[in-house]
Amino acid sequence: MKITQTKIAIVTGAGSGIGRAVSRELLGTGWSVALAGRREEKLAETAAGHPEALVVRADVARPEDVAALFAAVHDRFGRLDLLFNNAGTFGPGGVPVEELDYSAWRHVVDTNLNGAFLCAQAAYRQMKEQDPQGGRIINNGSISAHAPRPHSVAYTTTKHALTGLTKSLSLDGRPFGIAVGQIDIGNAATDMTERMQRGVPQANGQLAAEPVMDVADVARTVRHMAELPLEANVQFATVLATAMPYVGRG
């Protein structure tokens, strides 16, 4: 088992989008990062030029994959300082609730909620037992944790549930120095949000293009949350494109 003074992080969904941006931000500022995701070739792209990165193929919805991920991190680094619980999927977009297939609902719930729980549980166990004790978990929520988009029932439901997960973990982690917070992001420029600039349905039934922001600004916010001393915690942060239709939505 290797013990290091470098801060150690796990980022799930690290092969693209926000996960890739946060991983590179951490790697570029002295962290060692375990990059987790379902597509190993995408994780390798994120890790390019960073030998301190550990690539682990893992589907967070599978308990056995999560167990293997955290075992690999323990074997390589000996401790864990940060879990960025980022892996997620929007599911089939634009599908009315009465037409949403149950298998699609289950896929979103298994990834966004069950996967986040499994990773948080594994991180909690390791952070509680390690010496020095403690660490930080940051859950990737969404502005959908506050206000839904049309035809987003599965995604919005899981993001509301993540808020409950964040609050419960934050409370239960207090005796063990485990700080838990959540970042709610709106319209960071990634492959997942590319459609925003082409036009997406609004609450009034119209189709409208929406502004986006640089995903690097999200990554810097996550790093700020991650690098606070464990005596301080950003419980909830909302980072969004300034002019997007969120405040006043509906």
Side-chain angles (χ1 to χ4, degrees), residues 11-29 42 46 84-97 100 108 111-113 116 137-167 180-228 232-250:
V11 177
T12 66
S16 62
I18 291 168
R20 172 172 286 181
V22 169
S23 297
R24 287 178 171 172
E25 176 71 18
L26 294 175
L27 286 165
T29 53
K42 292 294 185 181
T46 302
F84 182 43
N85 234 343
N86 167 72
T89 180
F90 191 82
V95 178
V97 62
L100 184 67
V108 176
T111 303
N112 294 6
L113 180 56
I137 299 170
I138 301 174
N139 293 324
N140 186 354
S142 168
I143 60 166
S144 290
H146 305 274
R149 291 187 179 277
H151 302 155
S152 65
V153 63
Y155 183 80
T156 295
T157 299
T158 58
K159 294 304 183 178
H160 273 70
L162 270 182
T163 299
L165 179 68
T166 298
K167 290 179 178 179
V180 185
Q182 179 172 313
I183 183 167
D184 296 325
I185 301 163
N187 287 16
T190 66
D191 291 343
M192 188 175 178
T193 59
E194 185 179 356
R195 62 194 177 92
M196 302 297 178
Q197 299 175 79
R198 299 195 303 267
V200 290
Q202 304 296 306
N204 63 3
Q206 295 180 349
L207 198 69
E210 295 188 9
V212 298
M213 63 177 169
D214 193 333
V215 70
D217 294 323
V218 174
R220 284 192 290 270
T221 303
V222 172
R223 181 166 70 86
H224 167 70
M225 296 169 70
E227 292 185 343
L228 288 172
N233 186 40
V234 175
Q235 188 69 72
F236 292 98
T238 303
V239 184
L240 71 164
T242 304
M244 70 172 293
Y246 166 59
V247 176
R249 182 189 291 185

If only atom types and distance count, is the side chain of [X] paired as donor or acceptor with the main-chain N or O of [Y] below 3.5 Å?
X	Y	answer
N86	V11	no
T156	P148	no
T111	V108	no

Distance from R149 atom CZ to Y246 atom OH, nearest 0.5 Å? 11.0 Å
Value rounded to 0.5 Å, distance of CG in L27 from CZ in R20: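 L27 atom CG to R20 atom CZ measures 12.0 Å (nearest 0.5 Å).
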I need the single residue from D184, T163, T166 that forms a side chain to side chain donor-acceptor pair (under 3.5 Å) with N139. Which is it?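 Exactly one option meets the side chain to side chain donor-acceptor pair (under 3.5 Å) with N139, and it is T166.
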Closest non-hydrogen atom pair between [X] and [Y], with its separation:
X	Y	result
M213	V218	CE-CG2, 3.5 Å
V222	I138	O-CD1, 3.9 Å
V239	I183	CG2-CD1, 4.0 Å
A189	V212	CB-CG2, 3.9 Å
N233	V180	ND2-O, 2.9 Å

Test side-chain contact (heavy atoms from CB on, under 4.5 Å) applied to K167 and F236, step by step: CA-CA 10 Å; K167 290 179 178 179; F236 292 98; 3.9 Å; yes
Parallel, tilted or perpendicular: which fits the ring planes of F90 and Y155, with parallel below 30° and perpendicular above 60°? tilted
N112 vs K159 side-chain heavy atoms within contact, under 4.5 Å: yes
